[in-house]
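The structure appears right after this line, and notes come after that.
Just so it is clear, the model here is predicted, and its values are computed rather than measured. The figures that follow rest on heavy atoms only: side chains count, while hydrogens, waters and symmetry mates do not.
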Amino acid sequence: MANKKLNKKEGFTIIEVVLVLAIAGLIFLMVFVALPALQRSQRDTQRRDDMARLATAITSYQSNNNNKLPISSTVEWSKLIEKYITSTGDTFVDPSGEPYKVANIVTIGLGTINPYSTEFKPGDIYIYISARCAEDGKLTYNQGSRSYAIYYNLEGGGAYCKDNT
């Protein structure tokens, strides 16, 4: 009986060790795959919030200027951002660190346009005058001179459209 107790060794088998390492490896793999997508999602959420801030600034501008929008020049829109967003010491930069810039202001008559057909650059904001965001990602025009849509390309794919409705 004493002989049997001496021969019994305690510890882990090689199979148990390999199994634990494999499970740990799978957990690490899942974290490293999910982490970049989560970070992209957080940056896109910040971009959406920033475009909502811009919409609020435009509303404030309209309130102070007889419901008119700035003239269709990127300089006037940049002044709007400077006066209504960054003048309080707040920053208006893309989460990547690059400053946002109003790249294009478009005023078009009747119909719809597919903004996806335009090559958007990161950090560029497109403002469409007399437009509203449509359900299908397109823009509907001829909505009145006081309406606008802000269009911004998202890092995770697609774009974000914010209008004044």
Side-chain angles (χ1 to χ4, degrees), residues 1-60 74 77-78 80-82 84-106 108 111-129 131-141 143 147-165:
M1 198 77 129
N3 247 356
K4 285 185 180 179
K5 282 189 175 182
L6 292 177
N7 287 340
K8 185 177 180 188
K9 296 180 180 176
E10 293 186 19
F12 297 108
T13 66
I14 190 81
I15 293 174
E16 292 170 329
V17 171
V18 168
L19 186 62
V20 168
L21 289 174
I23 291 171
L26 284 173
I27 291 171
F28 282 120
L29 179 66
M30 289 170 40
V31 167
F32 286 119
V33 167
L35 190 61
L38 179 62
Q39 290 171 334
R40 268 192 309 275
S41 175
Q42 288 175 335
R43 287 189 296 267
D44 283 345
T45 298
Q46 179 64 44
R47 290 177 179 108
R48 285 184 183 94
D49 292 345
D50 288 344
M51 294 308 111
R53 286 175 46 214
L54 177 58
T56 301
I58 294 170
T59 301
S60 295
T74 55
W77 284 90
S78 297
L80 177 142
I81 291 169
E82 190 176 294
Y84 289 90
I85 296 177
T86 59
S87 66
T88 59
D90 206 0
T91 59
F92 193 63
V93 295
D94 187 81
S96 67
E98 295 294 317
Y100 290 116
K101 72 174 188 172
V102 177
N104 199 3
I105 295 95
V106 180
I108 298 181
T112 61
I113 186 172
N114 184 358
Y116 290 111
S117 63
T118 306
E119 183 65 33
F120 291 100
K121 296 177 191 167
D124 286 356
I125 300 169
Y126 287 77
I127 299 175
Y128 296 89
I129 308 296
R132 304 271 171 161
C133 302
E135 295 284 326
D136 58 0
K138 295 182 180 180
L139 296 170
T140 305
Y141 282 97
Q143 300 297 314
S147 65
Y148 63 88
I150 301 168
Y151 210 78
Y152 189 83
N153 195 27
L154 297 174
E155 181 180 357
Y160 178 67
C161 187
K162 173 80 174 143
D163 60 25
N164 62 335
T165 57

Check: Leu80 and Leu54 side chains under 4.5 Å, non-hydrogen atoms: yes
Beyond-backbone contact of Ile129 with Ile127, side-chain heavy atoms, under 4.5 angstrom: yes
How long is the straight-line distance from [atom2] of [Y] back to [atom1] of [X], given to the nearest 0.5 Å?
X      : Y      : atom1 : atom2 : value
Ile58  : Asn164 : CD1   : CG    : 8.0 Å
Asp124 : Asn153 : CG    : CG    : 9.0 Å
Gln46  : Met51  : CD    : CE    : 9.5 Å
Tyr128 : Cys161 : OH    : SG    : 9.0 Å

Derivation and outcome, side-chain contact (heavy atoms from CB on, under 4.5 Å), residues Ile81 and Lys101: CA-CA 9 Å; Ile81 291 169; Lys101 72 174 188 172; over 6 Å; no
Compare every heavy atom of [Y] with every heavy atom of [X], then report the nearest pair and how far apart it is.
X      : Y     : value
Lys162 : Ala52 : CE-CA, 4.4 Å
Asp50  : Val93 : OD2-O, 3.6 Å
Ile85  : Asp90 : O-CB, 3.4 Å

Listed partners of Thr13 passing side-chain contact (heavy atoms from CB on, under 4.5 Å), at least two apart: Ile15, Glu16
Donor-acceptor contact below 3.5 Å, side chain Tyr160 vs main chain Asp44: no
Residue pair Thr86, Thr91: steps toward the side-chain contact (heavy atoms from CB on, under 4.5 Å) verdict: CA-CA 6 Å; Thr86 59; Thr91 59; 6.0 Å; no
Under the salt bridge (Lys or Arg N to Asp or Glu O under 4.0 Å) test, residues paired with Glu155 that sit two or more places apart: Arg43, Arg47
Results of salt bridge (Lys or Arg N to Asp or Glu O under 4.0 Å) for Asp163 - residues two or more places apart only: none
Partners meeting ring pair (Phe, Tyr, Trp, His ring centres under 6.0 Å) with Phe92 (sequence neighbours left out): Tyr100
Using a 3.5 Å cut-off and no angle test, enumerate the donor-acceptor pairs between side-chain atoms of residues 19-41 and protein atoms at least two apart in sequence or in another chain.
none

